[in-house]
Participant: 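Quick one: the structure is below, and I'll ask about it shortly.
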Amino acid sequence: MVAKLGIKELRKGLLKGEFTVREIVESYFERIERLNPRINAFITVSRDMAIEQALKFDENPHSIREKPLGGVPIAIKDCLCTQGIKTTCGSKILQNFVPPYDATCVKRLKEAGAIIVGKTNMDEFAMGSSTEHSAFGPTRNPWDIERVPGGSSGGSAAAVASGMVPVALGTDTGGSIRQPASFCGIVGLKPTYGRVSRYGLVAFASSLDQVGPMGKRVDDVAMLLQIIAGRDDFDATSVSIAVDKYCDNLNDRINDMVIGIPKEYFSHKIDPEIQQAIEEAIGIFESIGVKTVQVSLPHTDYGVAAYYIIAPAEASSNLERYDGVKYGLRSNPDKADLTEMYLKTRAEGFGPEVKRRIMLGTYVLSAGYYEAYYKKASQVRALIKQDFDLAFKKCDALITPVTPSPPFKIGEKVDDPLEMYLNDIFTLPASLAGVPGISIPYKLNSSGIPVGFQLIGPHFQESTLLKLAKAFHREIEYNPEIPEL
Amino acid sequence: MNYEAVIGLEVHIQLLTNTKMFCGCSTKFGMPPNTNVCPICLGMPGVLPVPNKKAIEFAIRLALATNCTISPVNQFARKNYFYPDLPKNYQISQYELPIAENGWLEIETKNGARKIGIVRIHMEEDAGKLIHDENKPLSYVDFNRAGVPLLEIVSQPDIRTPEEATSYLKTLRDIVVYLDICDGNMEEGSFRCDANISVRPIGQKELGVKTELKNINSFKNIQKALEFEIRRQTALLERGEEVIQETRLWDPAKGITVGMRTKEEAHDYRYFPDPDLVPIAIDKSWIEEIEKTLPELPGPKRKRFVQQYKLPEYDAEVLTSDKNLANFFEEVVSLFPKPKMVSNWIMSELLRKLNEEGCSISDSTISASNLAELLELIDDQTISGKIAKSVFEEMYETGKRASTIVEEKGLKQVTDADFLEKVVSEVIKENPKEVEKYLKGAEKVIGFFVGQVMKKTQGKANPRLVNELLRNKLKEIKNDSV
């Protein structure tokens, strides 16, 4: 019953007294109990805390109205710190880590009245595109449990898609919100770098990481963004530019807008059904008065190479703190020796993909290689950003595929890292440029798997993306479906 | 062959900010272990650094005081190495874009003043402290110091002798203390020094192979460590052997340096710009604002004291070695404008007393105005210099004003000539034997008579006047007897 609800319907029912907060929260937990053993979307379920919070709302129903997300259950990706709730980052090295603080985005959601139901599965330290690289087992795609849900926010995407929770937070470093949202047929937004505070987001690649909302509907995503966006004194890279009124603007007219079609994104081998869907989407946008224009982003093809130098470099440094000294896993070495303790802890604590990237990152930062790799990649990054700046002189947003192919089978690419990395080819450039991108579900393909597309906007133009997405869904009378499970 | 040393110093100073470099934790020294800590300075997952503006201001103060160019944009970088006292296993420091570069300091040497170049000043965070269990292979970490702001000041290899190195360090320390940015305490580690040193035959242009000396924690040790290292390296070269590029630890107990790690074992720190911290732009107006608040520095102040107050170089150096002492001196002089007399009293009496008690000028119980009053009383002959010293002692003990003490104890100098003449006559009458001696030509018995007069007047008689009266009286007797 609750599976299909969005924030608006949920709030309406609560405010009318059709159901209590406790009833709502309990019914989501029932679904989690029934479905999670098959999907494995959650690493931790915070039932007691959630019920306690729900009872507080029910004792004082007035407070539901006062808070914009009063009584709304939410799932949080397990790389976002939650005070008193285990935060593992999908890693054995943090398997028992309970943060004494909330991430800023989590704090803001709690203050807005959201109720955390649990922490979602992910690729270890957000490194991966399939949620197979989790120390807690892979998450499965609710539309076909033989397939991956995408990653690294695969747990959040699968939880929302299967109706175990109405909305969730994900994080996106190179596509980790947009790609799983697309694979699971939900809406996922990666905001502009600096729009949402990273404080309390366990760092993977600091110059790329962003927190973003995931939901079944554009409205849900807009509402979450409204709460979490904005300057935070605890994050020096967060920006003090005023936050738009995403929800109020959502239904503004869009028929004077221009969508750019970047030719480089369509010169690759793309799955015909994805290609077909995007062509249809372009037609639908044109039918509602949006103009389209061909644009070029000539450095697109260098995105993967630049990303897989910059992100591992930053990761190799960010992950140095997991050493067994202060928190998390400490392995007992065979002899009492500091280096032995470091080596054993990290050998046992990290999975193969994380180790691969630590080695890659350590290498590219080493004396004698820094200039050739990290410096060069930073220059390429500047060119990619410039591509976007130039393209956005001609249009308000870009339409692109999210991935070249539909969700692959579990195990299919796990031993072929390069093939896995290429899955991010269309999401990486926006991450490198720091611009916002949204994954918009459109329909199901011939195998019953969701297909959608990506819109990319200029810095701090999340509003544009949300308006276009909303207009598109309105036009096709989009009604999110829940897979049979 | 004669050799010369080439020395460059790297100084780390701990800044006197209230809070740490990247979080709000207190920097207070001596707290119980791991009490001045938070998730940020403990490097917990997901936390982020936010720079301390005061620390940046302090860096700008030092940059201005050492004639450096302040970079329009500076950037933090990560210095990566694993050590348990470093919570994140990287230190946030500066690398390609330090806050300031290309400065100099003027130091005093036995051959006159010399300029020592400064390569750069950069900001960074301190590490924690390890406490090792002596009985078990076990160590504890105290993170109270982790994240305390530091400045690193790197000199050019312009220093040639251990004496110059000490002079450079003392000059730099005086400056940071004057600027109120560091307490300059070497023993407690808030002012630390590493030295890069090589030797080469005099006349040779190329530099010799250098070693880096660490663990030098006092001015005395820097001198000794450098002297030892010059001897060691020179001996190697004289034997035809080579100096190995390495880091060496100074062992103050044994008085030697010991190899720690060679160049091959050196860390690759994998520096890269810290993506958590945006580059910091420092605009001119901020620099100008800070410049206005800079105090007069010890060097210029010393020169001014010599010129303005006509003090000997030595007095000026002692008085300006401490900003508060210099201020105290100037305050006294403003009330009692005889600088040399003020200087004498401060240096011989006040500093002696303060040293005895292990106090600094700010602890002095004698205020500048009270000292000025005492000097005034001497100067207008209300009290004698000798009485003044006992008054001074009492002022120091009780904190009372000089005039109060003089009044209470009736210490006012007697300058009444009629009264003193009577006393002189008495003394002469009571000591005929001494008069006899005088008449036989023993001039020095005058001292005896002065002493007797003083005794009768409890030391209050004006000695000059007593002398004059005595000489006149004795001369009369001599003339009469002829």
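Here is the naming used below: chain letters follow the sequence lines, and residue numbers restart at 1 for every chain. This structure is a prediction, so every number in the text was calculated from the model and none was measured. Computed over heavy atoms, backbone and side chain alike; hydrogens, waters and symmetry mates excluded.
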Participant: Between B/N215 (side chain) and B/W250 (backbone), is there a donor-acceptor pair under 3.5 Å?
Facilitator: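 Yes; at least one donor-acceptor contact below 3.5 Å.
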
Participant: At a heavy-atom separation under 4.5 Å, does A/T87 approach chain B through its side chain, its backbone, both, or neither?
Facilitator: neither

Participant: I'd like to know whether B/Y271 forms a ring pair (Phe, Tyr, Trp, His ring centres under 6.0 Å) with A/Y370, so could you lay out the CA-CA distance, the side-chain angles of the two residues, the decisive distance to 0.1 Å, and finally the verdict.
Facilitator: CA-CA 9 Å; B/Y271 280 102; A/Y370 177 80; 9.4 Å; no

Participant: Does the pair A/S238 and A/D232 meet the rule for a side chain to side chain donor-acceptor pair (under 3.5 Å), with working shown?
Facilitator: CA-CA 6 Å; A/S238 74; A/D232 174 18; 5.8 Å; no

Participant: Between B/V50, B/N80, B/V278, who has the most heavy-atom pairs with chain A when the cutoff is under 4.5 Å?
Facilitator: B/N80

Participant: Tell me whether A/E353 is salt-bridged to A/R357, with the criterion being a basic N under 4.0 Å from an acidic carboxylate O.
Facilitator: yes

Participant: Do you know which of B/P137, B/G24, B/P273, B/G43 has the most heavy-atom pairs with chain A at a distance under 4.5 angstrom?
Facilitator: B/G43

Participant: Under a 4.5 Å heavy-atom cut-off, does chain A meet the side chain of B/L42, its backbone, both or neither?
Facilitator: backbone

Participant: Any side-chain heavy atom of A/S176 within less than 4.5 Å of one from A/K77?
Facilitator: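 Yes, their side chains come closer than 4.5 Å.
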
Participant: Does any backbone or side-chain atom of A/Y369 lie under 4.5 Å from a heavy atom of chain B? Answer side chain, backbone, both or neither.
Facilitator: neither

Participant: Counting only heavy atoms closer than 4.5 Å, note whether A/L319 contacts chain B via side chain, backbone, both or neither.
Facilitator: neither

Participant: Please lay out, stage by stage, how A/S206 and A/N318 fare under the test side chain to side chain donor-acceptor pair (under 3.5 Å).
Facilitator: CA-CA 8 Å; A/S206 312; A/N318 283 331; 3.0 Å; yes

Participant: Quick one, B/T19 with B/K54, criterion side chain to side chain donor-acceptor pair (under 3.5 Å). Give me CA distance, side-chain angles, the key distance, then yes/no.
Facilitator: CA-CA 9 Å; B/T19 56; B/K54 200 83 200 166; over 6 Å; no

Participant: Is a donor on one side and an acceptor on the other found under 3.5 Å between the side chain of A/R381 and the backbone of A/L432?
Facilitator: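 Between the backbone of A/L432 and the side chain of A/R381 there is a qualifying donor-acceptor contact (under 3.5 Å).
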
Participant: Tell me which of these, B/Y90, B/Y81, B/Y83, has more heavy-atom pairs under 4.5 Å with chain A than the rest.
Facilitator: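 Option with the top pair count is B/Y90.
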
Participant: Looking at B/K88 and B/E125, is there a salt bridge between them, counting it only when a charged N and a carboxylate O are closer than 4.0 Å?
Facilitator: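 Between B/K88 and B/E125 there is a salt bridge, with a charged N closer than 4.0 Å to a carboxylate O.
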
Participant: Could you look at A/Y327 and say if it's the side chain, the backbone, both or neither that has a heavy atom under 4.5 Å from chain B?
Facilitator: side chain

Participant: May I ask you to name which of B/V141, B/L277, B/I40, B/D274 has the most heavy-atom pairs under 4.5 Å with chain A?
Facilitator: B/I40

Participant: Give, as side chain, backbone, both or neither, the part of A/Y199 having an atom under 4.5 angstrom from any heavy atom of chain B.
Facilitator: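 Backbone plus side chain of A/Y199, per the 4.5 Å heavy-atom cut-off to chain B.
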
Participant: Between A/F234, A/Y374, A/Y342, which shows the greatest number of heavy-atom pairs under 4.5 Å with chain B?
Facilitator: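 Of the options given, most contacts go to A/Y342.
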
Participant: Chain B heavy atoms under 4.5 Å from A/D233: which part of the residue, side chain, backbone, both or neither?
Facilitator: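 Just the backbone, heavy atoms under 4.5 Å.
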
Participant: Counting only non-hydrogen atoms closer than 4.5 Å, does A/L208 touch chain B with its backbone (N, CA, C, O), its side chain (CB onward), both, or neither?
Facilitator: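 Neither part; nothing is under 4.5 Å.
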
Participant: Flag the pair B/D276 and A/R198 as a salt bridge only when some basic side-chain nitrogen lies within less than 4.0 angstrom of an acidic carboxylate oxygen.
Facilitator: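 So B/D276 pairs with A/R198 through a salt bridge.
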
Participant: Below 4.5 Å from any heavy atom of chain B, which atoms of A/F204 appear? Answer side chain, backbone, both or neither.
Facilitator: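 No part of A/F204 comes within 4.5 Å of chain B.
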
Participant: Which bit of A/A103 is near chain B, if near means a heavy-atom gap under 4.5 Å: side chain, backbone, both or neither?
Facilitator: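 Neither; nothing under 4.5 Å.
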
